[in-house]
Structure formats: C-alpha cells, structure tokens
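Data first, discussion second: the structure below is written as structure tokens.
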Amino acid sequence: MRFFGLSSGPGLQGEISIPGDKSIAHRAVILSALAQGQTTVKNFPLNEDCLATANAVKKLGIKITLNRASCQATVFGRRLLGLNRPKGAICVKESGTTFRLLLGLLAGQDFGTKLNAGDSLRHRPMLRVIKPLRLMGAQINSKMIGGEEYPPIVIRGANLTAITYRLPVASAQVKSALLLAGLFACGETKVIEPLKTRDHTERMLKLFKADLKVRGNTIIIKGGKELISPRALYIPADISSAAFFMVGANIIPDSRVLIKKVSLNPSRLGVVKVLNKMGAGLKIKRLKLSGRGNEPTGDILASSKILRGVRIKKSEIPSLIDELPILMVAACLAKGVSVFEGVSELRVKETDRIKSMLVNLTKMGAKIKVVKSGKQENIIIKGVKGLRAARVSSFGDHRTAMSMIIAGLAASGETYIDNVTCINKSFPAFLKTLNSLT
Ligand code: S3P
C-alpha cells in the first residue's frame with residue numbers, strides 16, 4: 001500500500017471517534033460469561049482479536065449476540081461454573097490476550113480443552129502463564145521447545161489451590177490469567193507484580209463484585225464467589241489506537257485532531273506522559289462516565305509541535321508497552337537523543353517489534369540503535385530533521401503497520417508498506433479514520 005507524505009501540508013485536521021479498548025473488551029466478555037444473566041457491552045470493538053474472544057466464549061456454551069451497526073455485544077452469562085466442554089479445539093487465531101486469559105479461565109473448568117493459535121501466536125511464549133497455573137493444579141500439555149512452551153495447548157482444569165505468586169515478568173496478561181483462575185480456586189490467590197501493569201482485570205472484577213483487594217503491587221482474590229453483572233457497561237476508546245493519531249498530529253505540520261471518549265486509565269497513560277515530556281502539549285478534558293463502567297474517560301486534543309528527545313525508564317514500560325513503536329517514530333523526529341530503557345518484552349509481541357521498527361525506520365533515514373546493558377536492552381534514537389520515503393514492511397504486525405503509515409505521512413515522498421491487512425487485528429477502521437482527517 002502506498003502513502004504520500006503529508007509533511008508539506010495540509011496536516012491532519014478534525015474530530016475522530018475510535019473503537020473501544022481491546023484489553024477492556026476481552027475482560028468484559030469473559031466476566032459477563034461468568035455472571036448469571038444478560039450483560040450489554042457497549043462500544044465493543046469489532047476487531048479480529050476481540051471477535052476471537054467472543055467466538056471462544058461462544059464455543060464454551062455462552063450465547064453472545066453482536067450488533068455490528070451499534071457496536072454492541074450482548075452476553076448471556078451462566079454463573080461461575082456454567083461453561084460447557086467445547087466441541088473440538090478452540091482456535092483464537094492471533095490473539096495472545098485471548099489465549100492467555102482463556103488459559104486462566106479454563107484452569108478452573110472440570111473438562112479438558114485444546115487451545116489452538118495462528119502462525120505467529122504459535123511462536124509466542126506461554127510458560128509464563130502455564131507455570132503458575134500448574135502450581136495451582138491445572139494439567140497442561142503444550143509444545144515444548146528448548147525450555148519454553150508454545151501453543152497448541154491442552155488444558156484440563158482441576159480443583160485449584162490458591163497460591164501466592166510473584167510474577168517474574170511484568171505482564172497484565174499473566175496477572176489476569178491468574179486472577180481468573182483465582183475465581184475458581186479454594187482460598188485467596190495473591191499475585192505480586194514487579195511493576196504495575198494495566199489494571200483492567202482488577203477494575204472489571206470489582207465492577208462484577210468479585211472478592212478482590214489491591215494492596216500496592218499485590219492483588220488478592222478470593223475464590224468461589226459468584227459474580228454479579230452490572231447489566232451494561234461502556235468501553236471507552238482504546239488509547240493504544242488513539243496514540244497513532246496523537247503522534248500523527250504532533251509530527252505532521254498544520255495538524256489538529258480531537259480524539260473523543262478515550263480510556264484514561266492511569267495504568268495506560270504512559271504514552272500521554274511521555275509525549276507531554278517531549279513537548280506534545282496534549283490537552284485532556286475528563287468526562288463523566290456515561291453508562292456503567294469502571295474506567296476513567298476523556299477527550300484528547302493533539303496538534304503539531306516541535307518535539308524534543310526523552311528518556312523512558314524501565315519502570316514506565318508497562319504503561320506504554322504497545323505504544324513503543326509509534327513513540328519510536330516520534331523520537332526519530334524529535335530534537336536531540338531519546339533513550340527507551342528495558343524494552344526486551346517488545347521481542348515477544350506479534351513480531352519482534354525492536355527488529356521491525358529498527359529495520360523500517362533505518363530505511364527511512366532514522367538514526368536508531370539497540371544497546372545491551374547487562375540483560376537489559378535499550379533503544380537509542382537520535383532525532384533527524386526529516387524521514388525519507390522508503391519501501392517498508394509491516395512484518396505482519398498491526399502496530400508496526402500503523403506506526404509506519406504515520407511515519408510515511410510525516411516523510412517526504414511516497415512510502416510503500418506491504419501487508420497492511422494485519423491492522424484488522426486491532427483497528428479495522430484505521431485507514432478510514434485516517435482518511436477522514438487528511
Ligand atoms: C495486554 C497486555 C500486554 C499488551 C497486550 C494486551 C492485555 O501484554 O502488550 O497488547 O490486554 O492484558 P503483556 O501482558 O504480555 O505485557
């Protein structure tokens with residue numbers, strides 16, 4: 001696909017609404033399935049990953065109706081132990097969040113399930129979830145290669161025992177899988193995070209009246225308590241999708257973009273903090289929640305700015321993990337040097353995002369390198385005056401694709417990006433939304 005540089009104006013101008021938050025949507029469907037009765041999930045994002053979760057939950061015997069026109073999912077939940085053994089394997093395609101959360105959910109079921117994955121997800125590590133779930137009593141067989149475990153996985157639930165588990169890697173997916181398993185365990189499951197990660201599972205569990213306490217970086221859930229549906233909840237727009245437009249507006253001259261009703265969950269605000277440190281001057285208007293939900297929401301206004309280099313510390317990484325590719329684009333066009341510390345987790349996303357962004361941005365004239373410091377990997381970017389058009393690749397990864405499209409628009413000339421259909425994983429309407437601004 002071809003993108004013409006917009007660096008010589010006109011910029012991105014207008015007001016946009018973007019789809020609901022992908023992370024929140026997975027959790028909303030899963031918890032709604034476990035609470036008796038009907039729950040309406042408003043602003044449900046109709047992307048491949050969230051549809052994979054809805055399909056998986058349907059395979060477990062839960063009725064879900066989707067109204068595509070109004071972006072609404074209605075889930076007919078059947079209590080904590082109301083899931084059925086699926087007919088055949090469940091394939092979650094490329095959705096890593098679906099896969100890991102389902103492992104937690106299935107660990108509590110008294111039947112066996114085979115979980116299958118698409119090509120790229122079959123290469124993503126699962127031992128980080130499997131290990132603690134085995135400690136709780138689940139029986140899990142996977143594909144083992146060199147000390148790591150990968151999909152497909154067969155999981156047979158059990159009478160789970162509560163554990164106290166200190167996560168070796170800061171991962172919201174692993175934490176959430178353990179909290180879901182904790183719903184079925186006898187006693188109190190304690191999960192201790194090395195760094196705080198997104199807390200949508202905790203918020204959603206509280207909304208559904210689970211017995212859950214948060215004490216600093218420790219989350220404690222007591223098993224056996226039935227969930228109570230809030231009946232309806234609204235999913236604010238995904239800040240990870242909004243980030244492409246924030247940076248786009250910042251780096252393309254003559255831009256001004258208003259992004260409506262975005263999730264402002266503090267555990268996801270790293271991108272806003274970092275961009276503002278770079279001089280982005282993002283303006284946020286907080287909104288009162290419409291409908292029921294447990295997530296702060298607001299409008300974000302972004303406009304063209306001269307950005308400066310920034311240092312992102314390792315402790316900030318979980319709050320902006322998915323925004324690192326687009327922040328790399330911003331750093332390339334900022335004055336001075338940027339350092340992103342402790343970014344190794346990027347290597348195990350949909351693709352190795354350190355490699356994909358390094359290869360692509362270097363082709364466009366960026367000064368970017370990766371430096372090892374002990375076990376830690378840091379990215380160092382020296383800002384350049386402008387990026388030049390090039391032939392680049394999505395590497396089959398949605399966030400690399402969208403980041404490179406924004407980079408292409410900020411560059412001079414015509415940039416070609418291959419295989420952008422992977423964008424459907426999180427944001428099928430991305431190009432349409434972008435076109436509405438150009
Ligand atoms: C997610 C957690 C993060 C993130 C992913 C979504 C979630 O992954 O990168 O896109 O919804 O819990 P990790 O838990 O692997 O960091």
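Numbering of ligands and ligand atoms starts at 1, following listing order. The analysis underlying the following values was restricted to heavy atoms, covering all of them including side chains, and did not include hydrogens, waters or symmetry mates.
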Could you give the side-chain donor-acceptor pairs of residues 324-332 under 3.5 Å, partners two or more places apart or in another chain?
none

Phe245 ring center within less than 6.0 Å of Phe430 ring center = yes

Just wondering, more than 12 heavy atoms not from Lys349 lying within 6.0 Å of its NZ?
-> yes

Tell me which donor-acceptor pairs under 3.5 Å the side chains of residues 270-278 have, and how far apart each pair is, sequence neighbours excluded?
residue, atom, partner, partner atom, Å
Asn276, OD1, Gly281, N, 3.2
Asn276, OD1, Leu282, N, 2.7

Lys225 atom NZ, neighbour heavy-atom count above 12 within 6.0 Å = yes

Name all pairs fulfilling the side chain to side chain donor-acceptor pair (under 3.5 Å) condition that reach into residues 15-25, sequence neighbours left out, sorted by first residue then second.
-> Asp21-Arg268, Lys22-Asp49, Ser23-Arg198

Residue contacts for ligand 1, heavy atom to ligand atom, distance under 4.0 Å = Ser23, Arg27, Thr97, Arg100, Ser171, Ala172, Gln173, Arg198, Ile321, Asp322, Lys349

